[in-house]
Amino acid sequence: MSCEQVTTTYINAYYEDMEKLGVRRATLEPRATEHIADIVRLVDTLLTKGMAYRVDGDVYFQVDRYPAYGRLSKRNLDDLQAGARVDVDERKRHPMDFALWKGSRPGEPSWDSPWGPGRPGWHIECSAMAMRHLGETFDIHGGGMDLIFPHHENEIAQSCGATDKEFARYWVHNGFVQINHEKMSKSLGNFFTIREIFQQSEWPDTVTGEMMRYFLLSTHYRGPLDFSDQSLKEAKSALNGFYDLFERLNESDPSHGAADQLLQEATVRTRTAFVAAMEDDLNTPNALAALQTLRGEANKALEAGLSGEMRRMVRQEFRALGVVLGLLQTDTWRFKGQVPQRASGDAESTAKTLSDEEIAVKLAARLAAKKSKNYTLADQLRAELASHGITIEDRPDGTSRWKR
RNA sequence: GGCGCCGUACCCAAGUGGCUAAGGGAGCAGUCUGCAAAACUGCGAUGCGGCGGUUCGAACCCGCCCGGCGCCUCCA
């Protein structure tokens, strides 16, 4: 299998998973291998400026030529030296000097360069590609917090060293998803993939994806978050509240807008709070709290009376704010035709999943039973549906709706 | 050994010097309902890992300590 085939396979798998999570594609996805010329040029600049030096076929960045080294990760060179656990390459002038270009050993993939055949050091491709596509200074650089040192520290050193300009204006470092408060890792055996979450979910992909998003956004990006079935279920419950509300907003009701004015004002407050939360270092938990508060207000307003126009307006507001987070975009949480035939964990509920048609039949039978006041039969039918995870909600007008 | 992140109610989780410590989930009670579900109303931390200190005032600042996690290495 070629290198190209391997990367393509995994890149495509990544796209599939991200799509299910509702992550939009980036406008540009540059590859290091397509920027070798930019990389070579950047390394050459650093050599010319005396911030790098050659050793055999390698080129190293000389950290003590960049005085601000360690500023991002709040470390200083002395601490780092003391902590070095691994044998230092004796050819380097300073233990923390890092490779900009590595001469290749026979059989390794390599590209030509003024220093002989080799490959880019880790870090340098990020600087080269950022400069190429975003300019020498750009606004936001993201990444996991494990990359703060050495990767981002080195990116800054080599970029600023070359340009004498600021590199990224803001750094956004996210905490990790953990399992039982531990980092996910293969060696700990607590490793699983997004794909597996979708496969094991008892919900359709669209619902699972939204549950995942809600869960991920319910904690601040910088903090750690612990993944568990329970946390996903809580996200589902929280989202249910919104979609139940949307159902009610959709129902036509002759009532007039006694609460229109109040809800209108609540909507304005929500927007203000939501925007303020997002502007405060992407405080998504607070943004969600604002949406939840509006949900409560809207439910209250429904009790008091909302005009059809106001109902549409509120739904639109949820949609407009939700799109920022990639939430609340579907019309309803209907589960038509896409309920997977999967066995969930407990033997009790491994019974086959009901199709929409089967549900409709049972629902009609129950309504008929209700009409003839045969509540025993009606309850029996409901219990049957409940055993398949289906909840029925009777409406005042005598009709019913169901959900999983 | 160095550096960093985290420790807030039963669970999740905002808040980082001053209004009653957001919000969600779970729970309990009530209204509504044939029964449910949903919704609504009410209940829930005199206290924010512990101990000191600064301050008129601290979850929030400072110090020490305890606990969890991560980085400090080749590779990404």
Side-chain angles (χ1 to χ4, degrees), chain A residues 32 70 72-89 95-96 98-99 102 119 121-123 125-126 143-153 173-176 178-185 188 214-215 217-220 222-228 230-245 247-248 251 273 277 280-281 283-304 366 369-371 373-376 378-383 385-386 390-396 400-403:
Chain A
L72 178 72
S73 55
K74 297 173 190 161
R75 293 160 201 239
N76 62 62
L77 286 172
D78 298 333
D79 292 343
L80 289 168
Q81 264 180 288
R85 292 187 310 200
V86 164
D87 289 343
V88 175
D89 185 339
M96 296 316 296
F98 55 92
K102 274 275 204 194
R119 57 181 174 78
W122 176 43
H123 319 303
E125 81 287 1
C126 291
M145 63 182 196
D146 58 332
L147 296 177
I148 295 172
F149 190 88
H151 185 229
H152 293 157
E153 194 67 61
H173 290 111
N174 60 276
F176 291 118
Q178 305 182 340
I179 309 295
N180 295 324
H181 307 290
E182 282 178 318
K183 183 185 178 181
M184 215 192 261
S185 78
L188 286 169
Y214 194 98
F215 160 65
L217 293 167
S218 67
T219 180
H220 188 85
R222 269 191 274 105
L225 82 167
D226 212 55
F227 182 89
S228 66
Q230 192 200 327
S231 54
L232 257 197
K233 279 190 182 133
E234 286 184 5
K236 169 73 164 52
S237 300
L239 283 164
N240 265 339
F242 286 108
Y243 283 101
D244 284 334
L245 168 65
E247 287 279 358
R248 296 179 75 199
E251 287 164 9
D280 179 18
D281 195 15
N283 195 329
T284 53
N286 264 343
L288 290 176
L291 293 175
Q292 289 286 2
T293 303
L294 182 60
R295 178 178 72 86
E297 305 273 5
N299 271 317
K300 270 178 228 170
L302 269 174
E303 305 258 307
R366 177 169 169 275
K370 267 184 67 180
K371 256 197 177 129
K373 306 238 188 259
N374 186 348
Y375 294 122
T376 315
D379 288 349
Q380 194 187 317
L381 284 163
R382 182 172 52 206
L385 287 167
I390 290 159
T391 308
I392 297 170
E393 292 178 20
D394 292 339
R395 284 181 284 211
S400 307
R401 64 169 172 242
W402 61 272
K403 65 183 179 187

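Everything quoted here is computed from the prediction, not taken from an experiment. The analysis underlying the following values was restricted to heavy atoms, covering all of them including side chains, and did not include hydrogens, waters or symmetry mates. In what follows, chains carry the letters A, B, and so on, assigned in the order in which the sequence lines appear, proteins first and then strands, with residues in each chain numbered from 1.
Remark: P of B/rC71 and CE of A/Met96 are 15 Å apart, rounded to the nearest angstrom. For the pair A/His151 NE2 and B/rC74 C1', the interatomic distance rounds to 15 Å; values are reported in whole Å. The distance from atom NZ of A/Lys373 to atom P of B/rU33 is 13 Å, rounded to the nearest whole Å. With rounding to whole Å, A/Asn299 atom CG is found 15 Å from B/rU31 atom C1'. The separation between A/Arg75 atom CZ and B/rU73 atom C1' is 12 Å, rounded to whole Å. One can place CZ of A/Phe215 at 12 Å from P of B/rA14, the figure rounded to the nearest angstrom. Rounded to whole Å, the distance from CG on A/Asn240 to P on B/rG23 is 20 Å. Distance A/Asn374 CG to B/rC35 P: 16 Å, rounded to the nearest Å.
Scanning both residues, A/Ser231 and A/Phe215, for their nearest heavy atoms gives OG-CE1, 3.5 Å. What you find for A/Pro224 and A/Gln178 is that their closest heavy atoms are CB-NE2, 3.7 Å. Taking every heavy atom of both residues into account, A/Ala369 and A/Ala378 meet most closely at CB-N, 4.0 Å.
In the set B/rC75, B/rG15, B/rC35, the nucleotide with an atom closest to the side chain of A/Arg382 is B/rC35. Closest approach to the A/Thr293 side chain among B/rC40, B/rA13, B/rG23 is made by B/rG23 (side chain taken as heavy atoms from C-beta onward). The side chain of A/Arg295 sits closest to B/rA39 out of B/rA26, B/rG2, B/rA39. Of the candidates B/rG4, B/rC71, B/rC40, B/rG4 carries the atom nearest the A/Lys74 side chain, counting heavy atoms from C-beta on. The side chain of A/Arg248 approaches B/rA38 more closely than any other nucleotide in the set B/rG24, B/rA38, B/rC71. Relative to the side chain of A/Pro285, the nucleotides B/rA14, B/rA39, B/rG24 differ in distance, and B/rA14 lies closest. Distances from the side chain of A/Glu303 to the nucleotides B/rU73, B/rA39, B/rC75 place B/rA39 closest. Comparing B/rC75, B/rC6, B/rC35 against the side chain of A/Arg366 picks out B/rC35 as the nearest. When the nucleotides B/rC6, B/rG25, B/rA39 are ranked by their closest atom to the side chain of A/Ser237, B/rG25 comes out on top. Closest approach to the A/His220 side chain among B/rC11, B/rC71, B/rA14 is made by B/rA14 (side chain taken as heavy atoms from C-beta onward).
Put simply, the side chain of A/Leu245 reaches to within 4.5 Å of the side chain of A/Leu302, judged on heavy atoms.
Toward the 5' end of RNA chain B, the nearer of the two residues A/Ile148 and A/Ser231, judged by each one's closest nucleotide, is A/Ile148.
Rounded to a whole angstrom, the distance from the C1' atom of B/rC61 to that of B/rG24 is 31 Å. Here, B/rU41 and B/rC32 have their C1' atoms 11 Å apart, quoted to the whole Å. Distance noted for atom C1' between B/rC12 and B/rC48: 16 Å (whole Å). Rounded to the nearest Å, the gap between the P atom of B/rG15 and that of B/rC6 is 10 Å. A gap of 37 Å separates the P atoms of B/rC11 and B/rU33, to the nearest Å. For the P atom pair drawn from B/rG27 and B/rC69, the interatomic distance equals 31 Å after rounding to whole Å. Separating the P atom of B/rC51 from that of B/rG70 is a span of 28 Å, rounded to the nearest Å. B/rU55 and B/rA13 have their C1' atoms separated by 29 Å, given to the nearest Å.
Taking side-chain N and O atoms only, A/Asn286 has no distance below 4.0 Å to OP1 or OP2 of B/rG15. Contact annotation: A/Lys233 does not reach the phosphate of B/rA26 (side-chain N/O to OP1 or OP2, under 4.0 Å).
Across all strands shown, the partner of B/rC61 is B/rG53, judged by Watson-Crick or G-U wobble contacts whose two distances both fall under 3.5 Å. Remark: B/rC71 base-pairs with B/rG2; criterion is Watson-Crick or G-U wobble with both hydrogen-bond distances under 3.5 Å. Nucleotide B/rG7 forms a pair with B/rC66, judged by Watson-Crick or G-U wobble geometry with both contacts under 3.5 Å. Searching all strands for a Watson-Crick or G-U wobble partner of B/rC43 with both distances below 3.5 Å returns B/rG27. B/rA76 makes up no base pair with any nucleotide shown, lacking Watson-Crick or G-U wobble contacts both under 3.5 Å. Partner assigned to B/rC48 is none, using Watson-Crick or G-U wobble distances below 3.5 angstrom. Base pairing of B/rC19: no nucleotide in any strand meets the Watson-Crick or G-U wobble criterion (both distances under 3.5 Å). Using the Watson-Crick or G-U wobble rule with both distances under 3.5 Å, B/rU33 pairs with nothing in any strand shown.
Interatomic distance, A/Asn286 CG to A/Asp281 CG, rounded to the nearest 0.5 Å: 11.5 Å. Note: A/Arg295 CZ to A/Leu239 CG = 10.0 Å, rounded to the nearest 0.5 Å.
Using a 4.0 Å cut-off between charged nitrogen and carboxylate oxygen, A/Arg248 and A/Glu303 count as a salt-bridge pair.
Residue A/Ser73 is classed as a sugar-phosphate contact, given heavy-atom separations below 4.0 Å to backbone atoms only. Counting any heavy atom pair closer than 4.0 Å across all strands shown, A/Asn283 reaches sugar-phosphate atoms only and no base atom.
Considering A/His152, A/Glu153, A/His151 as possible partners of A/His123, the one that fulfils the side chain to side chain contact (heavy atoms under 4.5 Å, CB included) test is A/His151.
A donor and an acceptor atom never sit less than 3.5 Å apart when one is taken from the side chain of A/Gln292 and the other from the base of B/rG24.
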